[in-house]
Amino acid sequence: MQTKVNEIENLPSILTDIWGMLDESEQQIIKNDARIVHFKKNEIIYSHGEIPTDLLVLCEGQVKIFNSGVGGRTQIVRMIKPIEYFGYRAYFAGESFITAASAFENSTVCMVSMDIVKELIATNSKLASFFIRLLSVDLGIADQRIVNLTQKHIRGRLAETLIFLRENYGLEDDGATINVYLAREDLANLSNMTTSNAIRTLSAFVEEKIIALNGRKINIIDEQKLRKISTNG
């Protein structure tokens, strides 16, 4: 879809974390290069093996970062929400993408050339520090996730996923329903388990009155117990 003028004018609110670090000339460089791209639900944003070229910022919607493991089984490694940056690590590493990204629902993404970002980083220490911190945070999350997905039992992994979704997407106005709706398969892929195990574990949580289900909507009834299961693994 064609980029609209008013979308580009919204860059300060899209690139909110870095806009104040840039002087007027640097902001203009970004404005001249930035593109706003619209993706339909399930549309691929980038694929495994592609050469990275852009810094990606999610404006609206939801994006999942995933990979295929043994037997072609999908593993969701990260969920992106507005306004979050993604797609930059492979560029800095000088390698092709080792994951893929797709729109979890109709989504809008701002793209800025990584070559331009690299040039700005070379002369802007604040911007350089920002990306160092961002990469460091992502690495810490990845390290913790590896431990959780390999050492926790099924109940602990699914409980952790529900807590993760609750903390990242918040709750609806009722104060209990997680504000993101995932298919059972996606919950399983995010929790490193089979879909059948995810369904059985969700049913067990319902029977124990920890959660309630309404289609894809998940209502947390006993958050304290859910966190205890997540912590104890």
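A donor-acceptor contact closer than 3.5 angstrom is absent between the side chains of Asn10 and Ser13. With no hydrogens or angles considered, no side-chain donor-acceptor pair links Gln27 and Asp23 at under 3.5 Å. No hydrogens or angles considered: nothing links the side chains of Tyr85 and Asp138 as a donor-acceptor pair under 3.5 Å. Residues Thr99 and Tyr46 bring a donor and an acceptor atom of their side chains to less than 3.5 Å of each other.
Counting heavy atoms from C-beta on, the side chains of Asp186 and Phe104 come closer than 4.5 Å. Side chains of Asn42 and Ser102 form no contact here, defined as non-hydrogen atoms less than 4.5 Å apart. Between Leu226 and Phe205 there is a side-chain heavy-atom pair separated by less than 4.5 Å. Within the 4.5 Å cutoff, the side chain of Thr53 has no heavy atoms near those of the Tyr91 side chain. Between Trp19 and Ile30, the closest side-chain pair of non-hydrogen atoms falls below 4.5 Å. Residues Phe130 and Asp17 have side chains in contact (heavy-atom distance under 4.5 Å, counting atoms from C-beta outward). Looking at heavy atoms from C-beta onward, Leu15 lies in side-chain contact with Val57 at the 4.5 angstrom threshold. Put simply, the side chain of Leu182 reaches to within 4.5 Å of the side chain of Met79, judged on heavy atoms.
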Note to self: What verdict does the side-chain contact (heavy atoms from CB on, under 4.5 Å) test give for Leu135 and Tyr88, after you've listed the backbone C-alpha separation in whole Å, the side-chain angles of each residue and the deciding distance to 0.1 Å?
What the structure shows: CA-CA 9 Å; Leu135 285 166; Tyr88 55 87; 3.3 Å; yes
Note to self: Test side-chain contact (heavy atoms from CB on, under 4.5 Å) on Leu202 and Leu158; report intermediate values, then the result.
What the structure shows: CA-CA 8 Å; Leu202 283 172; Leu158 187 58; 3.9 Å; yes
Notebook entry, point to check: Does the side-chain contact (heavy atoms from CB on, under 4.5 Å) test come out yes or no for Ile76 and Ile65, once each step is laid out?
Noted result: CA-CA 6 Å; Ile76 297 177; Ile65 311 297; over 6 Å; no
Next item on the list: For the pair Ile36 and Ile14, evaluate side-chain contact (heavy atoms from CB on, under 4.5 Å) and give the outcome as yes or no after the intermediate values.
Entry: CA-CA 10 Å; Ile36 304 296; Ile14 295 171; 4.0 Å; yes
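Within a 6.0 Å radius of CD in Glu95, more than 12 heavy atoms belonging to other residues, nucleotides or ligands are found. More than 12 heavy-atom neighbours from other residues, nucleotides or ligands sit within 6.0 angstrom of CD on Glu43. Residue Gln224 qualifies as open at atom CD: its count of foreign heavy atoms under 6.0 Å is 12 or below.
When atom types are taken as modelled, the side chain of Ser196 and the backbone of Thr194 share no donor-acceptor pair closer than 3.5 angstrom. Remark: the backbone N or O of Asn189 is paired with a side-chain donor or acceptor of Gln75 at under 3.5 angstrom. A distance-only check finds a donor-acceptor pair linking the side chain of Ser129 to the backbone of Ser125 [under 3.5 Å]. Listed for the Ser113 side chain is a donor-acceptor partner under 3.5 Å among the backbone atoms of Asp115. No donor-acceptor distance shorter than 3.5 angstrom exists from the side chain of Asp54 to the backbone of Met111, with no hydrogens or angles considered. Between the Ser47 side chain and the Glu50 main chain, no donor and acceptor come within less than 3.5 Å of each other. Judged by distance alone, with hydrogens and angles left aside, the side-chain atoms of Arg184 form no donor-acceptor pair with the main-chain N or O of Ile199 at under 3.5 Å. Between the side chain of Lys209 and the backbone N or O of Asp222, no donor-acceptor pair lies under 3.5 Å. At distances below 3.5 Å, not a single donor-acceptor pair connects side-chain atoms of Arg78 with backbone N or O atoms of Lys64. Looking only at distances, a side-chain donor or acceptor of Asn168 sits under 3.5 Å from a matching main-chain atom of Phe164.
The heavy-atom pair separating His48 from Ala100 by the smallest distance is N-CB, 3.9 Å. Ser107 and Gly61 get closest at one heavy-atom pair: OG-CA, 3.6 Å. Considering all non-hydrogen atoms of both residues, Gly87 and Pro52 come closest at O-CB, 4.1 Å. The shortest non-hydrogen separation linking Ala90 to Ser96 is CB-O, 3.9 Å. Closest approach of Ile45 and Val63 over heavy atoms only: CD1-CG2, 3.6 Å. In terms of heavy atoms, Ala103 sits closest to Lys40 at CB-O, 3.4 Å.
Note: the hydrophobic cluster containing Phe92 does not contain Ile132 (ILVMFWY, side chain heavy atoms under 4.5 Å, direct or indirect links).
When each of Ile163, Ile220, Leu162 is checked for a side chain to side chain contact (heavy atoms under 4.5 Å, CB included) with Arg227, only Ile163 meets the rule.
The CG atom of Leu165 sits 6.0 Å away from the CG atom of Leu190 when rounded to the nearest 0.5 Å. Taking NZ from Lys228 and CD from Glu223, the interatomic distance works out to 15.0 Å, rounded to the nearest 0.5 Å. Once rounded to the nearest 0.5 Å, the distance linking CG of Asp174 with CG of Leu171 reads 7.5 Å. Here Leu139 contributes atom CG and Leu134 contributes atom CG; the two are 12.0 Å apart, rounded to the nearest 0.5 Å. For the atom pair CG (Asn219) and CD1 (Ile221), the distance works out to 5.5 Å, reported to the nearest 0.5 Å. Between the CZ atom of Arg89 and the CD1 atom of Ile98 there is a distance of 4.5 Å, given to the nearest 0.5 Å.
The pair Lys31-Glu26 does not count as a salt bridge, with every side-chain nitrogen at least 4.0 angstrom from each carboxylate oxygen. With salt bridges taken as basic N to acidic carboxylate O contacts below 4.0 Å, one links Glu84 and Lys81. A salt bridge links Arg155 with Glu208: the distance from a Lys NZ or Arg NE/NH1/NH2 to an Asp or Glu carboxylate oxygen falls below 4.0 Å.
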